[in-house]
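A quick write-up on the structure given underneath.
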Amino acid sequence: MAGPTSRLFVLARRGDGRRLRSLLPRSVHAAAWTATSPTLPLPWPVWSPVCCLFCSYSSAFTSVHGERPTSEYAKIRKESLETQFGRILGSSSRRLFADRGFGPFLALYRAATISFHVVKFTIWHLLLSDMKKRAEKFRESLISLGPFYIKLGQALSTRPDILPSAYCQELAKLQDQIPPFPTRIALRTIESQLGSRISDLFADISPEPIAAASLGQVYKAHLHTGELVAVKVQRPGMAPLLTLDALLFNMIGGQLKRFAKARKDLLVAVNEIVRHMFDEIDYVLEGKNAERFAILYSHGSGDDNSEVGIKAPKVYWTYTRKSILTLEWIDGIKLTDAERISKANLNRKRMIDEGLYCSLRQLLEEGFFHADPHPGNLVATKSGSLAYFDFGMMGDIPRHYRVGLIQMLVHYVNRDSLGLANDFHSLGFIPEGTDLHAVADALKISFGDASTRRQSNDFQGVMNHLYDVMYEFNFSLPPDYALVIRALGSLEGTAKALDPDFKVIESAYPFVIGRLLEDPSPDMRKILRELLIRDDGSIRWNRLERLIAAISEQSSESSNKSEDGSADNASGSSDWRSFNMHSVVAATEDLFDFILSRKGWRVRVFLVQDIIKASDAFLQEATFSYLFDKDFEMGELNPEVGVFLDFPVL
């Protein structure tokens, strides 16, 4: 039987080449197209079965924009990732029992320890009727169980599609509450991994760790060259411990689901979380992630106080192994330390803009993103630059999903309930066979709620609202989007430390509009049309007017700056909220081409009707202007000339 990955290849070979290449992840894309299709595109008879494939998943939703759901990709992608996790866990467990003759006894001992805490939590579950108190005991149990369950709890704290909100709020308090392991063990690990004595490797090293977390701890050291570095040392035995706990969790996951009243199969989400845990304990991979992040997003020297930028620490590969990571030491101020930020006279708004721009580039342009930008992993330097740390948990989403994220945002802003329901279906948020019109009706009702309108620009409020609405439809986050939601939630939480009124959706909107204007690809042009044109073909005049006003205002400001010679440095993100005028012209031309095309006939009908209505209103106001004059008095009317006195000469 063909596995999920081979089914992805079959889908690619049967489907439209250009479209399927955008659906596949980069690694799969390269392997599939190199091996199976060196010369593309293939003739139409080979590609034509894609029509039948996608038509079977259509939703009877039609508009002037068209619709092509891709839930088949989301389904196969999910199965492929789960199979990949199974292979990783299987190979790790074989090594565990092969390397340790007492593996079975260790498993029995660990199972007994976990069972004790599960029984203890069960008793609390039966004795306590208050869900908040149950959630508190659940958090305490995870802390007692060690690193695997602490990381699991941290990940689940951002997943209200899995656990009730009371549990999520309690797990959000969960930090890496594990004491550091002895320094002598850490130094022994460094020496064994790097093959030299500490004195030969470093001029000096801190006697105690500077920071400790569930998977490792950090020391401050000087190289013999005088460079200051951070040495991250992994806790001993992490790989076998994670493997053992992951294997045993598959046995008790069903019980935890019952006790916690999970909203869906907990094991499906845990597989994705654990898959990233194995990435986090590979420090060579983390070093590669740090370098890739720096290449994509770092800019601004940050050394001469002249330019705010994004920084990522340099990796010292000579002193890096799978359990040891040596990075450039960067002094910084935690974003939650308001007093130190004020004393340093740092521009909070500029830092928020910088961080937001970098995050939006990660999620919507490149697809390679930091999945956990909480205040502990993001600090401000003295020059005002933002420095990122901890590149163990990174996400990499295909372009198809990035476009889907923009499309969902536009549909949400438009309050397009049916379009949003189609997005949920095509991206795998709701299962096959779900009545999309029922989903759209539920969303439409919720859009009329006053509390929803108040929270419309608050990301966490939006997500909680969507989870509540979608609960009855077996709503769940696809594997790729789970990290996206985590990243956006962490971003908003971190930004709120600098500005309590920050709202990520409202702040991100100019960037999204800029992307829609600049990207000439058909799918992005389609989303731009959806932003300005309703499904029935009528034009959203208020939105178009605001967009034109924003473009005109920016153009005027740019002209003034040019005349005054005061233009800011164009590099980096200083002008990311502005629009590229060449892109605006190109987008306008494409929009007119669509309106004048065969597909735009309904838009032309509404356009003519709107022009006629506007003309009638103008003529009526010009002809009977006194009716619109609040200060008009009947005594002022010229009885001889009458109401046609000011009628314009045609």
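Because the structure is predicted, anything quoted here is derived from the model rather than measured. Side chains included, hydrogens not; waters and symmetry mates left out as well; all remaining heavy atoms used.
- Atoms SG and CD, from Cys358 and Glu354 in turn, are 7.5 Å apart once rounded to the nearest 0.5 Å.
- Residues Arg604 and Ile595 have side chains in contact (heavy-atom distance under 4.5 Å, counting atoms from C-beta outward).
- Distance check, rounded to the nearest 0.5 Å: CE of Met351 to CG of Leu386 gives 6.5 Å.
- Side-chain contact annotation: Gln362 with His370, donor-acceptor N/O pair under 3.5 Å absent.
- No donor-acceptor pair closer than 3.5 Å links the side chain of Thr434 to the backbone N or O of Ile430.
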Go through the steps to decide whether Leu547 and Leu531 satisfy the test side-chain contact (heavy atoms from CB on, under 4.5 Å), and finish with yes or no.
CA-CA 11 Å; Leu547 179 60; Leu531 184 70; 5.6 Å; no
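- Side-chain atoms of Ser298 never come within 3.5 Å of backbone atoms of Ile295 as a donor-acceptor pair (strictly under, hydrogens ignored).
- Only one option out of Lys444, Glu530, His411 pairs with Asp416 in a side chain to side chain contact (heavy atoms under 4.5 Å, CB included); it is His411.
- One finds the CD1 atom of Ile310 at 10.0 Å from the OH atom of Tyr357 (value rounded to the nearest 0.5 Å).
- Looking only at side-chain heavy atoms (C-beta outward), Leu356 and Phe502 come within less than 4.5 Å of each other.
- Of all heavy-atom pairs between Arg515 and Met524, the closest is O-CE, 4.0 Å.
- The minimum heavy-atom distance between Leu517 and Ala587, with the atom names listed, is CD2-CB, 3.8 Å.
- Residues Leu427 and Met408 form a side-chain contact, since some pair of their non-hydrogen atoms from C-beta on lies under 4.5 Å apart.
- Pairing each heavy atom of Ile397 with each of Leu363, the nearest pair is CD1-O, 3.9 Å.
- Classification of Asp353 and Arg348 as a salt-bridged pair fails, no side-chain N sitting under 4.0 Å from a carboxylate O.
- Ion pairing of Arg361 with Glu366 is present here, as a side-chain N (NZ or NE/NH1/NH2) and a carboxylate O approach within less than 4.0 Å.
- Between atom CZ of residue Phe369 and atom CE of residue Met393 there is a gap of 10.0 Å, rounded to the nearest 0.5 Å.
- Side-chain N or O atoms of Glu492 include one that pairs as donor or acceptor with a backbone N or O of Val504 at under 3.5 Å.
- Inter-residue side-chain proximity for Leu418 and Asp535 is flagged as unmet; no heavy-atom pair is nearer than 4.5 Å.
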Please step through side-chain contact (heavy atoms from CB on, under 4.5 Å) for the pair Leu420 and Tyr412, ending with a clear verdict.
CA-CA 7 Å; Leu420 200 56; Tyr412 186 85; 4.2 Å; yes
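- Side-chain contact between Leu591 and Leu528: absent, with no pair of heavy atoms (C-beta onward) separated by less than 4.5 Å.
- Separation of atoms CG (Leu405) and NE2 (His400) is listed at 11.5 Å; rounding is to 0.5 Å.
- For the pair Lys613/Phe618, no side-chain contact is recorded, criterion being any heavy-atom separation below 4.5 Å from C-beta on.
- Taking the six-membered ring for Trp and the full ring otherwise, Phe293 and Tyr388 have centroids separated by under 6.0 Å.
- Of all heavy-atom pairs between Phe473 and Ala442, the closest is CE1-CB, 3.9 Å.
- In terms of heavy-atom proximity, Pro373 sits nearest to Ala487 at CG-O, 3.8 Å.
- Salt-bridge check for Asp523 with Arg399: passed, with a basic side-chain N closer than 4.0 Å to an acidic carboxylate O.
- In this structure, Arg525 is not positioned above the aromatic face of Phe594 in the sense of NZ or CZ being under 6.0 Å from the six-membered ring centre and within 45° of the axis.
- Looking at heavy atoms from C-beta onward, Leu364 lies in side-chain contact with Ile406 at the 4.5 angstrom threshold.
- The distance from atom CG of Asp590 to atom OG of Ser583, rounded to the nearest 0.5 Å, is 10.5 Å.
- No donor-acceptor pair under 3.5 Å is formed between the side chain of Ser538 and the backbone N or O of Arg534.
- Annotation: side chain of Leu443 is in contact with side chain of Phe424 (closest heavy-atom distance under 4.5 Å).
- Closest non-hydrogen pair, Ile352 versus Ala495, comes out as CD1-O, 4.0 Å.
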